[in-house]
S.K.: 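Take a look at the following structure, please.
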2 protein chains.
Amino acid sequence: MENIRAAEPAFSVTSCTARRVLEIVSNKWAVLIIFVLEKGTKRYGQLQRSIADISQKMLTQTLRQLERDGLIERSVLPEVPPVVEYTLTPMGESLIPYLRQLNHWLNEYYPQIEQARKDYDAREKFKADKSTQTV
Amino acid sequence: MENIRAAEPAFSVTSCTARRVLEIVSNKWAVLIIFVLEKGTKRYGQLQRSIADISQKMLTQTLRQLERDGLIERSVLPEVPPVVEYTLTPMGESLIPYLRQLNHWLNEYYPQIEQARKDYDAREKFKADKSTQTV
DNA sequence: CCGTATCCATTAAGATACTG
DNA sequence: CAGTATCTTAATGGATACGG
């Protein structure tokens, strides 16, 4: 009853750690926040202005999540009005090179990807035109 | 009127290429499919079985997307019943090392992340308990 | 200043049934 | 076999109002 997962096909990636890649990285806002915090400790308001189109809700939600995962540290300074600062933990910092490298890849290949998209769309349009042509 | 984006604060990451990281990598299924195709050309059904809990809809949708981006190639063999094969393009293959490295990072730090989560939840629970305690 | 809570619109995803 | 079409449900995100 407990090891149902063992019944999966040998070829499966279900239990594979690949899935873990996504838990953190697949969050759009999380990556952006990490990139901003790379430049140093930031306050809540600074983060909000840095990531222009993030809503308060998503900012708070993502910050909590990153804090929970131990990637950032949240410190409340005993002042009035309150000052809250966010900093990357060593673990958070250690992730940055990998994100940077991914980013490099994307910058390098982005033109090629855009071209591939154009080509694909042109082919699809051509097919669509041909199929309605005979009607 | 056109360069509204120029009015953004200098610190903003809005127009930053960081955002591109996410277009491809933030797709859970896309990454899994790429990892499966790394092992070689696969047919539609093989992919479906490999990624046990993917729905037909998501599989097809993600395959189309990856094909459109030029990361995989789709070839239909002229047979009955139809045989459709998917292969990584050179561009798709070139992405793998970066995904692998991210994966290594995650495997290395996953225990630490889980511990951080436990600690965080324990702290939160403690706070919650204290706040209801006085009632 | 730094949030939380609530409501609402949009989108993503899953289940199911059917086709060339 | 390899999909498409449709329907329903779940998740995401934004706007607004209020609280410590």
Side-chain angles (χ1 to χ4, degrees), chain A residues 9 11 14 19 22-33 36-37 41-68 72-87 120 124 127-128 130-132 134, chain B residues 14 19 22-33 36-37 41-68 72-87 120 123-124 127-128 130-132 134-135:
Chain A
F11 192 56
T14 300
R19 210 148 277 213
L22 312 150
E23 290 187 25
I24 288 154
V25 175
S26 75
N27 187 320
K28 176 183 171 181
W29 301 122
V31 175
L32 292 177
I33 289 173
V36 174
L37 288 182
T41 298
K42 292 278 173 291
R43 293 176 56 175
Y44 184 88
Q46 289 180 303
L47 283 167
Q48 196 170 11
R49 281 186 299 278
S50 302
I51 308 168
D53 51 354
I54 193 172
S55 67
Q56 248 186 353
K57 178 182 171 179
M58 282 301 105
L59 179 56
T60 301
Q61 188 174 305
T62 312
L63 285 171
R64 285 297 114 78
Q65 187 185 311
L66 288 170
E67 189 195 357
R68 192 173 103 99
I72 66 175
E73 197 191 319
R74 174 179 185 264
S75 50
V76 183
L77 280 61
E79 297 179 19
V80 180
V83 171
V84 182
E85 290 183 341
Y86 294 93
T87 317
Y120 180 90
E124 289 307 300
K127 280 192 211 164
K130 278 199 70 172
S131 67
T132 51
T134 47
Chain B
T14 301
R19 211 150 276 217
L22 312 150
E23 290 189 24
I24 288 155
V25 174
S26 74
N27 187 320
K28 177 182 171 182
W29 300 123
V31 175
L32 292 176
I33 288 174
V36 174
L37 289 182
T41 298
K42 292 280 174 291
R43 293 176 55 173
Y44 184 90
Q46 289 179 302
L47 283 166
Q48 198 170 10
R49 283 186 297 278
S50 302
I51 307 167
D53 53 354
I54 193 172
S55 66
Q56 249 185 352
K57 179 182 169 179
M58 282 300 104
L59 180 55
T60 301
Q61 188 174 305
T62 311
L63 286 170
R64 285 297 115 75
Q65 188 185 309
L66 288 170
E67 188 195 356
R68 191 173 102 99
I72 66 174
E73 198 192 319
R74 175 179 184 263
S75 51
V76 184
L77 280 62
E79 296 179 16
V80 180
V83 171
V84 181
E85 289 183 343
Y86 294 93
T87 317
Y120 180 92
R123 279 199 306 277
E124 290 307 301
K127 280 191 213 168
K130 277 200 70 174
S131 67
T132 52
T134 47
V135 178

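Note on naming: letters A, B, ... go to the chains in the order of the sequence lines (proteins, then strands), and numbering restarts at 1 for each one.
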S.K.: Using atom CG of B/L32 as one end and atom P of C/dA13 as the other, report the distance to the nearest whole Å.
M.R.: 12 Å

S.K.: Figure out the CH2/C1' separation between A/W29 and D/dA11, and round it to whole Å.
M.R.: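 The answer, rounded to whole Å, is 16 Å.
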
S.K.: Does B/R74 put a side-chain nitrogen or oxygen below 4.0 Å from OP1 or OP2 of D/dA2?
M.R.: no

S.K.: B/Q61 CD to D/dT6 P: how many Å, rounded?
M.R.: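 Going from B/Q61 (CD) to D/dT6 (P), I get 15 Å.
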
S.K.: Rounded to the nearest Å, what distance is computed from the CD atom of residue B/E79 to the C1' atom of nucleotide D/dG3?
M.R.: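 Checked: the CD to C1' distance equals 17 Å.
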
S.K.: Hey, what do you get for CG (A/L63) to CG (A/L37), rounding to the nearest 0.5 Å?
M.R.: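 So the gap between those two atoms works out to 7.5 Å.
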
S.K.: So if I apply the side chain to side chain donor-acceptor pair (under 3.5 Å) rule between A/Y86 and each of A/K42, A/R74, A/E73, which one comes out positive?
M.R.: A/R74

S.K.: Under 4.0 Å: is that the gap between some side-chain N or O of B/R43 and OP1 or OP2 of D/dC1?
M.R.: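 For D/dC1, neither OP1 nor OP2 has a side-chain N or O of B/R43 closer than 4.0 Å.
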
S.K.: When you measure from the side chain of B/P82, which nucleotide among D/dG3, C/dA15, C/dG20 comes out closest?
M.R.: C/dG20

S.K.: Select from B/P81 and A/V84 the residue whose nearest nucleotide in DNA chain C is closer to the 5' end of that strand.
M.R.: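 Result: A/V84.
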
S.K.: Is any side-chain N or O of B/R64 closer than 4.0 Å to OP1 or OP2 of D/dT4?
M.R.: yes

S.K.: Rounded to whole angstroms, how far apart are CE on B/M58 and C1' on D/dT6?
M.R.: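 Taking atom C1' of D/dT6 as the reference, CE of B/M58 is at 14 Å.
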
S.K.: Would you mind reading off the distance between B/D53 atom CG and D/dA10 atom C1', rounded to a whole angstrom?
M.R.: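 So the two atoms are 16 Å apart, to the nearest Å.
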
S.K.: For the side chain of A/S55, starting at C-beta, report the closest nucleotide among D/dG14, D/dA2, C/dC1.
M.R.: D/dG14

S.K.: Once you round to the nearest 0.5 Å, how far does OH of B/Y44 lie from CD of B/Q48?
M.R.: 5.0 Å

S.K.: Any chance you could lay out the side-chain contact (heavy atoms from CB on, under 4.5 Å) test for B/R64 and B/E67, step after step, and finish with the verdict?
M.R.: CA-CA 5 Å; B/R64 285 297 115 75; B/E67 188 195 356; 3.8 Å; yes

S.K.: Counting side-chain heavy atoms from C-beta on, which of C/dT6, C/dA15, D/dT4 comes nearest to B/K57?
M.R.: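 Output: C/dA15.
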
S.K.: Set out, in order, the CA-CA distance, both residues' side-chain angles and the distance that settles side-chain contact (heavy atoms from CB on, under 4.5 Å) for B/I54 and B/L32, then state yes or no.
M.R.: CA-CA 10 Å; B/I54 193 172; B/L32 292 176; over 6 Å; no

S.K.: Nearest whole Å is fine: how far is C/dA13 C1' from B/K28 NZ?
M.R.: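 Spelled out: NZ on B/K28 to C1' on C/dA13 is 10 Å.
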
S.K.: Nearest whole angstrom, please: distance from the P of D/dA15 to the CG of A/L59.
M.R.: 14 Å

S.K.: Between B/Y86 and D/dG3, is there a contact of a side-chain N or O with OP1 or OP2 at under 4.0 Å?
M.R.: yes

S.K.: Regarding A/Q56, tell me which of base, sugar-phosphate or nothing describes its non-hydrogen contacts under 4.0 Å with the strands shown.
M.R.: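 Counting heavy atoms under 4.0 Å across all strands, the contact made by A/Q56 includes a base.
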
